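Contents: one structure, followed by commentary.
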Amino acid sequence: MRKITALFLTIILLSSCSVMRVSDAEKNINLPFYENLEETRFSVLEEERQAHIQWMEENAVYEYPSDVESIEIPHNYRPLRTREQIDTRCNAISILFIPLENPDIERIASSIRAYSYDFLIATGERSDLVNLSKRIGKDSVLLEDALIIYRTDLYAMDEDSAVFKVNDEEYLEIAAANTFKGLPEESEADEYFSSLSGDAEVLSAISISAEDVIVALSSSQPSSADWNAITGYSYRSAHDFENSRFFEENGFEDVYLKTHYSPETDSGITRENGSVYERMDFLYSKSVLPVRSFTLALSGNDARAIYAEVLL
């Protein structure tokens, strides 16, 4: 009889324990050493993300006014509200740089439709930049001298640069300048040199805040590194061009030169004027590894575009 009673009580006790909920048990657990711990990396990133989303909502601009000269710079045009991330562990970041010269925007947009890019940078007249942005219809930011079309997350912007959040750990800043004044004739050396004054001030005014940087430049002068014995233009004979020296002295690498054997074999011509052929458009990088690059002719544009891939 005692055994039966003990078995009966055991069954009752076990059944009462089996219906106890985990949530009820958690209330009885007291772990004081979990209190006042530092925030986790996840919570910090989430707080950052929410603050950034709020900032973008408050500062986004979705339309261009009819009078493009009245646009306040920088101008963010976001028809897609892009929120993509780029997997930089396996993939290079692709950049298409189009110096607009006598452009036919419709033909340019059609000719690049087959190209895949993470960032499209264009320099030229503001009206042409706005028309290209509208025609392509992707998220873009209009700077003082350039347009950047992007597929990742815009993090910050200034008059001459924009910082993009590539993924949760990496940021890329893209800056741009346009000092192009046209190519000289071979006999115009003196007049050409006098037109170059002021370039250094334009370049030194570019404000860089991120560690990984790409600078797109449509330059008023070629690179001194491109000079060779068979480049016999009179305006090159005894002149060290300041723009290329400026970037070299400030720790930038010429993406095209880094990915090609030599100027003699791969000149990278982007502009031509009569018998004068020059590379006048450049991508410079800092703390970014150039992987490959090439120039290409686009239908509807006199200047050649540059396609490049880089690793952060």
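Computed from a prediction, not measured in an experiment: that's the story for all the values here.
Not counting sequence neighbours, the partners of Asp145 by the side-chain contact (heavy atoms from CB on, under 4.5 Å) test are Asn178. Partners of Leu142 according to the side-chain contact (heavy atoms from CB on, under 4.5 Å) rule, which considers only residues two or more places apart in sequence or in another chain, are Tyr64, Ile71, Ile73, His75, Arg126, Leu129, Val130, Leu147. Contacts of Ser111 classified as side chain to side chain donor-acceptor pair (under 3.5 Å), with partners at least two apart in sequence or in another chain: none. Scored by the side chain to side chain donor-acceptor pair (under 3.5 Å) test, Asn91 finds no partners at all (sequence neighbours excluded). Under the rule for a ring-ring contact (aromatic ring centres under 6.0 Å, His included), the partners of Phe164 that lie at least two apart in sequence or sit in another chain are Phe119, Tyr150. By the ring-ring contact (aromatic ring centres under 6.0 Å, His included) test, Phe252 pairs with Phe247, sequence neighbours left out. Among residues two or more places apart in sequence or in another chain, the side chain to side chain donor-acceptor pair (under 3.5 Å) test is passed with Ser293 by Thr259. Checked against side-chain contact (heavy atoms from CB on, under 4.5 Å), Glu253 has the following partners two or more places apart in sequence or in another chain: Lys258, Ser285, Pro290. Scored by the ring-ring contact (aromatic ring centres under 6.0 Å, His included) test, Phe282 finds Tyr284 as partners (sequence neighbours excluded). For Asn301, the side chain to side chain donor-acceptor pair (under 3.5 Å) test picks out no residue, with sequence neighbours left out. Remark: Phe294 pairs with Tyr307 by the ring-ring contact (aromatic ring centres under 6.0 Å, His included) rule, at least two apart or across chains. In terms of the side-chain contact (heavy atoms from CB on, under 4.5 Å) criterion, residue partners of Ala305 (sequence neighbours excluded) are, by chain and number, Leu96, Ile98, Leu296, Leu298.
By the rule that hydrophobic residues join a cluster once side-chain heavy atoms approach within less than 4.5 Å of another member, Ile108 and Leu120 end up as members of one cluster. Under a hydrophobic clustering in which Ile, Leu, Val, Met, Phe, Trp and Tyr are joined whenever their side-chain heavy atoms come within less than 4.5 Å, directly or via other members, Val68 and Val141 fall into different clusters. A single hydrophobic cluster is seen to contain both Tyr115 and Leu132, as judged by linkage of ILVMFWY side chains at heavy-atom distances under 4.5 Å, directly or through other members. A continuous path of ILVMFWY side-chain contacts below 4.5 Å connects Ile112 to Ile105, so both sit in one hydrophobic cluster. Residue Leu100 is grouped with residue Ile149 when hydrophobic side chains (ILVMFWY) are merged at heavy-atom distances under 4.5 angstrom, including chains of intermediate members.
No donor-acceptor contact under 3.5 angstrom links the side chains of Ser287 and Glu211, judged on distance only. Donor-acceptor pairing under 3.5 Å is lacking for the side chains of Thr270 and Thr295.
Annotation: the span from Glu125 atom CD to Asn131 atom CG amounts to 11.5 Å, rounded to 0.5 Å. In this structure, CG in Asp128 is found 11.0 Å from CD in Glu101, a value given to the nearest 0.5 Å. Taking CD of Glu309 as the start and CZ of Arg292 as the end, the distance is 4.0 Å to the nearest 0.5 Å. Rounded to the nearest 0.5 Å, atoms CG (Asp104) and CG (Asp302) are 10.5 Å apart. To the nearest 0.5 Å, the span separating CG on Asn243 from OG1 on Thr179 amounts to 5.0 Å. Remark: Leu80 CG to Arg151 CZ distance equals 12.5 Å, nearest 0.5 Å.
Closest approach of Arg271 to Pro99, counting heavy atoms only: NH2-CB, 3.3 Å. Heavy atoms only, all atoms of each residue included: Pro79 and Gly137 are closest at CG-O, 3.7 Å. Residue Ser133 comes nearest to Tyr77 through the heavy atom pair OG-CD2, 3.4 Å, listed as atom of the first residue, atom of the second, then distance. Of all heavy-atom pairs between Leu154 and Ala162, the closest is CD1-CB, 3.8 Å. The two residues Ala308 and Val255 have their closest heavy-atom pair at CB-CG1, 4.0 Å. When all heavy atoms of Leu143 and Pro74 are compared, the pair lying nearest together is CD2-CB, 4.2 Å.
Taking the side chain as every heavy atom from C-beta outward, Arg135 and Ser110 approach each other to under 4.5 Å. Counting only heavy atoms from C-beta outward, the side chains of Phe180 and Ser220 never approach each other to under 4.5 Å. Counting heavy atoms from C-beta outward, Ile95 and Ile121 have side chains that approach closer than 4.5 Å. Side-chain contact between Asn76 and Met157 is present, with heavy atoms from C-beta onward closer than 4.5 Å. At a threshold of 4.5 Å between non-hydrogen side-chain atoms, the residues Leu172 and Leu312 count as touching. Contact check for Asp281 versus Leu217: no side-chain heavy atoms found under the 4.5 Å cut-off. Side-chain contact between Val310 and Val291: absent, with no pair of heavy atoms (C-beta onward) separated by less than 4.5 Å. A heavy-atom distance below 4.5 Å is not found between the side chains of Pro222 and Arg279.
A distance-only check finds no donor-acceptor pair linking the side chain of Glu173 to the backbone of Ile208 [under 3.5 Å]. Of the possible donor and acceptor atoms, one in the side chain of Asp67 sits under 3.5 Å from a partner among the backbone N and O of Glu69. For the pair Lys181 (side chain) and Gln221 (backbone), a donor-acceptor distance under 3.5 Å is absent. Judged by distance alone, with hydrogens and angles left aside, the side-chain atoms of Ser299 form no donor-acceptor pair with the main-chain N or O of Arg107 at under 3.5 Å. A donor-acceptor contact shorter than 3.5 Å links the side chain of Asn167 to the backbone of Glu170.
Here Asp139 does not pair with Arg78 in a salt bridge; the nearest charged N to carboxylate O distance is not below 4.0 Å.
For Glu169, the CD atom counts as loosely surrounded, since its 6.0 Å shell holds 12 or fewer non-hydrogen atoms of other residues, nucleotides or ligands.
Looking at Val288, Thr88, Thr152 one by one, the single match for side chain to side chain contact (heavy atoms under 4.5 Å, CB included) with Ile93 turns out to be Thr88.
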As a quick check of understanding, evaluate side-chain hydrogen bond (donor to acceptor under 3.5 Å, both in side chains) for Asp168 and Gln85, giving each step before the final call.
CA-CA 8 Å; Asp168 287 339; Gln85 291 193 343; 3.1 Å; yes

